[in-house]
*Asks:* 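Take a look at this one; I'll ask things after.
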There are 2 protein chains.
Amino acid sequence: MGNNLYHADCPAIETLALIGGRWKVIILHVLSKHARRFGEINVRIPSISRKVLTEQLRELEADGLINRKQYKEHPQKVEYALTDFGKSLCPLLAYISAWKKNVEGNSSQDIIQLPD
Amino acid sequence: MGNNLYHADCPAIETLALIGGRWKVIILHVLSKHARRFGEINVRIPSISRKVLTEQLRELEADGLINRKQYKEHPQKVEYALTDFGKSLCPLLAYISAWKKNVEGNSSQDIIQLPD
DNA sequence: CTGTATCCCTTTAGATACTG
DNA sequence: CAGTATCTAAAGGGATACAG
(Lines give C-alpha, C1' and ligand atoms only; values in the text may rest on other atoms or scores of the structure.)
Protein backbone atom coordinates (compact mmCIF):
# COMPACT_ATOMS: atom_id res chain seq x y z
CA MET A 1 0.00 0.00 0.00
CA GLY A 2 3.04 2.20 -0.09
CA ASN A 3 2.88 5.91 0.39
CA ASN A 4 0.00 7.39 2.36
CA LEU A 5 -1.21 5.66 5.48
CA TYR A 6 -4.66 7.04 6.21
CA HIS A 7 -5.19 5.02 9.34
CA ALA A 8 -1.84 3.45 9.98
CA ASP A 9 -3.26 2.06 13.20
CA CYS A 10 -5.79 -0.07 11.32
CA PRO A 11 -4.61 -3.69 11.56
CA ALA A 12 -6.01 -4.57 8.15
CA ILE A 13 -3.99 -1.80 6.55
CA GLU A 14 -0.87 -2.80 8.42
CA THR A 15 -1.25 -6.35 7.22
CA LEU A 16 -1.85 -5.24 3.67
CA ALA A 17 1.27 -3.09 3.80
CA LEU A 18 3.19 -6.34 4.16
CA ILE A 19 1.33 -8.69 1.86
CA GLY A 20 -0.65 -6.34 -0.37
CA GLY A 21 1.98 -6.21 -3.08
CA ARG A 22 0.98 -7.52 -6.46
CA TRP A 23 2.68 -10.91 -6.14
CA LYS A 24 3.47 -11.26 -2.48
CA VAL A 25 0.70 -13.61 -1.44
CA ILE A 26 1.52 -15.88 -4.34
CA ILE A 27 5.22 -15.86 -3.54
CA LEU A 28 4.57 -16.55 0.12
CA HIS A 29 2.20 -19.30 -0.92
CA VAL A 30 4.93 -20.93 -3.00
CA LEU A 31 7.37 -20.68 -0.12
CA SER A 32 4.89 -21.97 2.44
CA LYS A 33 5.54 -25.56 1.41
CA HIS A 34 9.29 -25.53 0.80
CA ALA A 35 12.19 -23.19 0.83
CA ARG A 36 12.76 -22.47 -2.85
CA ARG A 37 15.49 -21.23 -5.11
CA PHE A 38 15.01 -18.16 -7.24
CA GLY A 39 14.51 -20.18 -10.39
CA GLU A 40 12.07 -22.55 -8.71
CA ILE A 41 9.88 -19.66 -7.66
CA ASN A 42 10.04 -18.22 -11.14
CA VAL A 43 9.00 -21.53 -12.70
CA ARG A 44 5.97 -21.65 -10.44
CA ILE A 45 5.00 -18.07 -11.28
CA PRO A 46 5.96 -17.85 -14.94
CA SER A 47 4.16 -14.58 -15.54
CA ILE A 48 6.38 -12.59 -13.23
CA SER A 49 9.59 -11.26 -14.70
CA ARG A 50 12.89 -11.77 -12.95
CA LYS A 51 13.12 -8.07 -12.34
CA VAL A 52 9.80 -7.84 -10.58
CA LEU A 53 10.35 -11.08 -8.73
CA THR A 54 13.61 -9.72 -7.41
CA GLU A 55 11.91 -6.53 -6.26
CA GLN A 56 9.14 -8.37 -4.48
CA LEU A 57 11.60 -10.73 -2.79
CA ARG A 58 13.67 -7.79 -1.59
CA GLU A 59 10.61 -6.16 -0.05
CA LEU A 60 9.48 -9.35 1.63
CA GLU A 61 12.99 -9.75 2.99
CA ALA A 62 13.08 -6.16 4.23
CA ASP A 63 9.76 -6.72 6.00
CA GLY A 64 11.17 -9.78 7.71
CA LEU A 65 8.81 -12.25 6.10
CA ILE A 66 11.39 -14.23 4.18
CA ASN A 67 15.01 -15.09 4.47
CA ARG A 68 17.63 -15.12 1.74
CA LYS A 69 20.44 -17.63 1.98
CA GLN A 70 23.21 -17.50 -0.58
CA TYR A 71 25.43 -20.52 -1.11
CA LYS A 72 28.96 -19.99 -2.27
CA GLU A 73 28.85 -22.38 -5.17
CA HIS A 74 29.25 -22.36 -8.89
CA PRO A 75 26.85 -22.00 -10.44
CA GLN A 76 25.41 -19.72 -7.84
CA LYS A 77 22.59 -20.96 -5.60
CA VAL A 78 20.22 -18.83 -3.55
CA GLU A 79 17.42 -20.13 -1.42
CA TYR A 80 14.45 -18.26 -0.02
CA ALA A 81 12.49 -19.44 2.98
CA LEU A 82 9.82 -18.08 5.25
CA THR A 83 11.03 -16.67 8.55
CA ASP A 84 9.09 -17.52 11.68
CA PHE A 85 7.28 -14.24 11.19
CA GLY A 86 6.48 -15.25 7.63
CA LYS A 87 5.31 -18.65 8.78
CA SER A 88 2.78 -16.98 11.02
CA LEU A 89 1.05 -15.96 7.81
CA CYS A 90 0.52 -19.54 6.65
CA PRO A 91 -2.97 -19.90 8.15
CA LEU A 92 -4.00 -16.71 6.41
CA LEU A 93 -2.58 -17.97 3.11
CA ALA A 94 -4.43 -21.25 3.56
CA TYR A 95 -7.55 -19.28 4.32
CA ILE A 96 -7.27 -17.32 1.11
CA SER A 97 -7.04 -20.55 -0.83
CA ALA A 98 -9.80 -22.18 1.15
CA TRP A 99 -12.30 -19.38 0.65
CA LYS A 100 -12.75 -19.93 -3.06
CA LYS A 101 -13.14 -23.66 -2.64
CA ASN A 102 -15.72 -23.25 0.07
CA VAL A 103 -17.74 -20.73 -1.88
CA GLU A 104 -17.83 -22.98 -4.92
CA GLY A 105 -19.24 -25.92 -3.06
CA ASN A 106 -21.60 -24.29 -0.58
CA SER A 107 -24.12 -21.60 -0.04
CA SER A 108 -22.27 -18.32 0.09
CA GLN A 109 -23.46 -17.48 3.58
CA ASP A 110 -21.76 -20.50 5.03
CA ILE A 111 -19.01 -19.93 7.50
CA ILE A 112 -15.74 -20.96 5.98
CA GLN A 113 -13.80 -23.62 7.77
CA LEU A 114 -10.11 -23.14 8.11
CA PRO A 115 -8.19 -26.18 6.86
CA ASP A 116 -5.90 -27.85 9.35
CA MET B 1 -4.43 -9.64 -10.77
CA GLY B 2 -5.62 -8.65 -14.18
CA ASN B 3 -4.03 -9.82 -17.40
CA ASN B 4 -2.15 -13.10 -17.38
CA LEU B 5 -3.43 -15.98 -15.35
CA TYR B 6 -0.51 -18.36 -14.91
CA HIS B 7 -2.47 -20.94 -12.97
CA ALA B 8 -6.04 -19.76 -13.17
CA ASP B 9 -7.05 -22.90 -11.34
CA CYS B 10 -5.10 -21.89 -8.24
CA PRO B 11 -7.64 -20.90 -5.59
CA ALA B 12 -5.35 -18.29 -4.07
CA ILE B 13 -5.03 -16.55 -7.42
CA GLU B 14 -8.75 -16.71 -8.01
CA THR B 15 -9.40 -15.12 -4.65
CA LEU B 16 -6.81 -12.44 -5.28
CA ALA B 17 -8.41 -11.66 -8.62
CA LEU B 18 -11.45 -10.54 -6.64
CA ILE B 19 -9.92 -8.84 -3.62
CA GLY B 20 -6.35 -8.15 -4.72
CA GLY B 21 -7.07 -4.65 -5.96
CA ARG B 22 -5.24 -1.86 -4.25
CA TRP B 23 -8.16 -0.77 -2.02
CA LYS B 24 -10.63 -3.61 -2.20
CA VAL B 25 -9.93 -5.26 1.12
CA ILE B 26 -10.18 -1.91 2.86
CA ILE B 27 -13.43 -1.04 1.11
CA LEU B 28 -14.91 -4.43 1.91
CA HIS B 29 -13.75 -4.00 5.47
CA VAL B 30 -15.58 -0.68 5.74
CA LEU B 31 -18.73 -2.25 4.30
CA SER B 32 -18.51 -5.32 6.51
CA LYS B 33 -20.04 -3.43 9.43
CA HIS B 34 -22.68 -1.32 7.71
CA ALA B 35 -23.99 -0.55 4.31
CA ARG B 36 -22.39 2.80 3.49
CA ARG B 37 -22.97 5.72 1.20
CA PHE B 38 -20.31 6.80 -1.24
CA GLY B 39 -19.28 9.76 0.89
CA GLU B 40 -19.18 7.70 4.05
CA ILE B 41 -16.75 5.29 2.47
CA ASN B 42 -14.66 8.17 1.23
CA VAL B 43 -14.49 9.72 4.70
CA ARG B 44 -13.23 6.46 6.13
CA ILE B 45 -10.59 6.10 3.41
CA PRO B 46 -9.53 9.72 2.90
CA SER B 47 -6.48 8.85 0.85
CA ILE B 48 -8.47 7.38 -2.01
CA SER B 49 -9.71 9.81 -4.62
CA ARG B 50 -13.34 9.77 -5.71
CA LYS B 51 -12.27 8.64 -9.14
CA VAL B 52 -10.37 5.62 -7.89
CA LEU B 53 -13.01 4.82 -5.32
CA THR B 54 -15.61 4.79 -8.07
CA GLU B 55 -13.49 2.48 -10.18
CA GLN B 56 -12.92 0.05 -7.33
CA LEU B 57 -16.59 0.02 -6.39
CA ARG B 58 -17.54 -0.71 -9.99
CA GLU B 59 -15.20 -3.67 -10.09
CA LEU B 60 -16.43 -5.04 -6.79
CA GLU B 61 -19.97 -4.70 -8.08
CA ALA B 62 -19.11 -6.42 -11.35
CA ASP B 63 -17.60 -9.29 -9.38
CA GLY B 64 -20.76 -9.63 -7.35
CA LEU B 65 -19.20 -8.75 -4.03
CA ILE B 66 -21.14 -5.59 -3.39
CA ASN B 67 -24.48 -4.14 -4.29
CA ARG B 68 -25.26 -0.59 -5.38
CA LYS B 69 -28.63 0.86 -4.44
CA GLN B 70 -29.54 4.28 -5.77
CA TYR B 71 -32.31 6.23 -4.08
CA LYS B 72 -34.33 8.69 -6.12
CA GLU B 73 -33.93 11.64 -3.79
CA HIS B 74 -32.49 15.10 -3.79
CA PRO B 75 -29.74 15.35 -2.98
CA GLN B 76 -28.89 12.04 -4.49
CA LYS B 77 -28.21 9.08 -2.24
CA VAL B 78 -26.39 5.89 -3.14
CA GLU B 79 -25.72 3.07 -0.77
CA TYR B 80 -23.26 0.21 -1.10
CA ALA B 81 -23.64 -3.06 0.75
CA LEU B 82 -22.04 -6.46 0.70
CA THR B 83 -23.92 -9.12 -1.20
CA ASP B 84 -24.22 -12.57 0.34
CA PHE B 85 -21.22 -13.52 -1.72
CA GLY B 86 -19.37 -10.53 -0.34
CA LYS B 87 -20.40 -11.40 3.19
CA SER B 88 -18.78 -14.77 2.78
CA LEU B 89 -15.51 -12.85 2.78
CA CYS B 90 -16.06 -11.38 6.25
CA PRO B 91 -14.18 -14.12 8.10
CA LEU B 92 -11.24 -13.59 5.79
CA LEU B 93 -11.37 -9.84 6.38
CA ALA B 94 -11.50 -10.40 10.12
CA TYR B 95 -8.59 -12.76 9.79
CA ILE B 96 -6.48 -10.17 8.02
CA SER B 97 -7.14 -7.72 10.84
CA ALA B 98 -6.59 -10.33 13.51
CA TRP B 99 -3.23 -11.47 12.20
CA LYS B 100 -1.38 -8.27 12.98
CA LYS B 101 -2.85 -8.07 16.45
CA ASN B 102 -1.90 -11.64 17.22
CA VAL B 103 1.62 -11.25 15.96
CA GLU B 104 2.16 -8.16 18.08
CA GLY B 105 1.21 -9.85 21.28
CA ASN B 106 2.55 -13.35 20.85
CA SER B 107 5.40 -15.42 19.64
CA SER B 108 5.33 -15.39 15.90
CA GLN B 109 5.00 -19.15 15.61
CA ASP B 110 1.71 -19.18 17.47
CA ILE B 111 -1.34 -20.30 15.64
CA ILE B 112 -3.64 -17.38 15.12
CA GLN B 113 -7.12 -17.68 16.47
CA LEU B 114 -9.95 -16.45 14.33
CA PRO B 115 -12.13 -13.96 16.22
CA ASP B 116 -15.78 -14.90 16.57
C1' DC C 1 22.25 -19.50 -11.79
C1' DT C 2 20.83 -15.21 -9.89
C1' DG C 3 20.59 -11.34 -10.46
C1' DT C 4 21.44 -5.84 -12.27
C1' DA C 5 21.04 -1.99 -15.67
C1' DT C 6 18.63 0.32 -19.30
C1' DC C 7 15.19 1.52 -22.20
C1' DC C 8 10.58 2.34 -22.99
C1' DC C 9 5.82 1.61 -23.06
C1' DT C 10 1.56 0.87 -20.21
C1' DT C 11 -1.13 1.51 -16.30
C1' DT C 12 -2.33 3.94 -12.33
C1' DA C 13 -3.70 7.67 -9.87
C1' DG C 14 -3.91 12.70 -8.32
C1' DA C 15 -5.90 17.36 -9.38
C1' DT C 16 -9.29 19.95 -11.16
C1' DA C 17 -13.40 21.27 -13.26
C1' DC C 18 -17.94 20.03 -14.50
C1' DT C 19 -22.88 17.44 -14.44
C1' DG C 20 -27.58 15.48 -13.10
C1' DC D 1 -24.42 14.10 -3.18
C1' DA D 2 -22.30 11.14 -6.30
C1' DG D 3 -20.17 10.87 -9.64
C1' DT D 4 -17.74 11.86 -14.87
C1' DA D 5 -14.19 13.95 -17.99
C1' DT D 6 -9.81 15.42 -18.95
C1' DC D 7 -5.11 16.16 -18.36
C1' DT D 8 -0.84 15.06 -16.50
C1' DA D 9 2.70 13.02 -13.45
C1' DA D 10 4.39 8.93 -11.49
C1' DA D 11 4.75 4.22 -10.87
C1' DG D 12 4.69 -0.35 -12.71
C1' DG D 13 6.34 -3.75 -15.54
C1' DG D 14 8.23 -6.18 -19.99
C1' DA D 15 12.35 -6.98 -23.02
C1' DT D 16 16.91 -7.23 -23.58
C1' DA D 17 21.64 -7.24 -22.65
C1' DC D 18 25.11 -7.73 -19.40
C1' DA D 19 27.67 -9.18 -14.77
C1' DG D 20 29.58 -12.03 -10.85
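In this text the structure is predicted, and so the values were computed from the model without any measurement. Order of the sequence lines sets the chain letters (A, B, ...), proteins ahead of strands, with each chain counted from 1.
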*Asks:* Just the rounded figure in Å: distance from P of D:dG3 to CG of B:Leu57.
*Replies:*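 Roughly 7 Å, once rounded to whole Å.
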
*Asks:* Does D:dG14 have OP1 or OP2 under 4.0 Å away from a side-chain N or O of A:Ser49?
*Replies:*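 True: A:Ser49 side-chain N/O within range (under 4.0 Å) of D:dG14 OP1/OP2.
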
*Asks:* Here's a test of your reading of the structure: between A:Gln76 and A:Lys51, which maps to the more 5' nucleotide of DNA chain D?
*Replies:*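 Comparing both residues, the 5'-ward one is A:Lys51.
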
*Asks:* Does D:dG3 have OP1 or OP2 under 4.0 Å away from a side-chain N or O of B:Tyr80?
*Replies:*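 Affirmative; the distance criterion is met.
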
*Asks:* In terms of side-chain heavy atoms of B:Val52, which of D:dG14, C:dG3, C:dG14 is nearest?
*Replies:*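 Selected nucleotide (nearest to the side chain): C:dG14.
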
*Asks:* Mind calculating the distance between NZ (A:Lys69) and P (C:dT2) to the nearest angstrom?
*Replies:*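 For the pair A:Lys69 NZ and C:dT2 P, the rounded distance is 15 Å.
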
*Asks:* What integer distance in Å separates A:Ile48:CD1 from D:dG14:P?
*Replies:*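 After rounding, the gap between these two atoms is 8 Å.
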
*Asks:* Taking only the side-chain nitrogens and oxygens of A:Arg68, find out if one of them lies under 4.0 Å from OP1 or OP2 of C:dG3.
*Replies:*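 Yes, such a contact exists.
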
*Asks:* With the threshold set at 4.0 Å, does a side-chain nitrogen-carboxylate oxygen contact exist between B:Glu59 and B:Lys24?
*Replies:*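 Yes, B:Glu59 and B:Lys24 are salt-bridged.
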
*Asks:* Do any N or O atoms from the side chain of A:Ser97 and from the backbone of B:Pro11 form a donor-acceptor pair under 3.5 angstrom?
*Replies:*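 No, the answer is negative, given that no donor and acceptor are paired below the 3.5 Å cut-off.
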
*Asks:* If only side-chain N and O atoms of B:Arg22 are considered, is one of them under 4.0 Å from the OP1 or OP2 phosphate oxygen of C:dA13?
*Replies:*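 Yes.
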
*Asks:* Whole angstrom is fine here: how far is it from CD1 in A:Ile66 over to C1' in C:dT2?
*Replies:*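 For the pair A:Ile66 CD1 and C:dT2 C1', the rounded distance is 14 Å.
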
*Asks:* May I ask you to verify if any side-chain N or O of B:Thr54 is less than 4.0 angstrom from the OP1 or OP2 atom of D:dG3?
*Replies:*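 For B:Thr54, the contact criterion (side-chain N or O under 4.0 Å from OP1 or OP2 of D:dG3) is not met.
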
*Asks:* With a 3.5 Å distance limit and no angle check, can you tell me whether B:Glu40 reaches the backbone of B:Arg37 through a side-chain donor-acceptor pair?
*Replies:*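 Side chain of B:Glu40 to backbone of B:Arg37, a donor-acceptor pair under 3.5 Å: yes, one is there.
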
*Asks:* Measure from NZ on B:Lys77 to P on D:dG3 and round the result to the nearest Å.
*Replies:*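 In whole Å, D:dG3 P and B:Lys77 NZ are 13 Å from each other.
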
*Asks:* Specify the separation, in whole Å, of atom CZ of B:Arg50 and atom P of C:dT19.
*Replies:*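 Spelled out: CZ on B:Arg50 to P on C:dT19 is 14 Å.
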
*Asks:* Rounded to the Å, how far apart are A:Tyr71 OH and C:dT2 P?
*Replies:*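 From A:Tyr71 OH to C:dT2 P: 12 Å.
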
*Asks:* Strictly distance-based, threshold 3.5 Å: is any side-chain N or O of B:Trp99 a donor or acceptor partner for the main-chain N or O of A:Ser88?
*Replies:*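 It does hold such a pair.
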
*Asks:* Using modelled atom types and a 3.5 Å cut-off, is there a donor and acceptor pairing between side-chain atoms of A:Thr15 and backbone atoms of B:Ile96?
*Replies:*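 Looks like yes, one N/O pair under 3.5 Å.
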
*Asks:* D:dG3 phosphate, OP1 or OP2: any side-chain N/O from B:Arg37 under 4.0 angstrom?
*Replies:*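 Checking B:Arg37 against D:dG3: no side-chain N or O falls below 4.0 Å of OP1 or OP2.
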
*Asks:* So does A:Arg58 get a side-chain nitrogen or oxygen closer than 4.0 Å to the phosphate oxygens (OP1/OP2) of C:dT4?
*Replies:*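 True: A:Arg58 side-chain N/O within range (under 4.0 Å) of C:dT4 OP1/OP2.
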
*Asks:* Roughly how many Å is it from CG in A:Leu53 to C1' in D:dG14, rounded to a whole number?
*Replies:*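 Computing the A:Leu53:CG to D:dG14:C1' distance gives 14 Å.
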
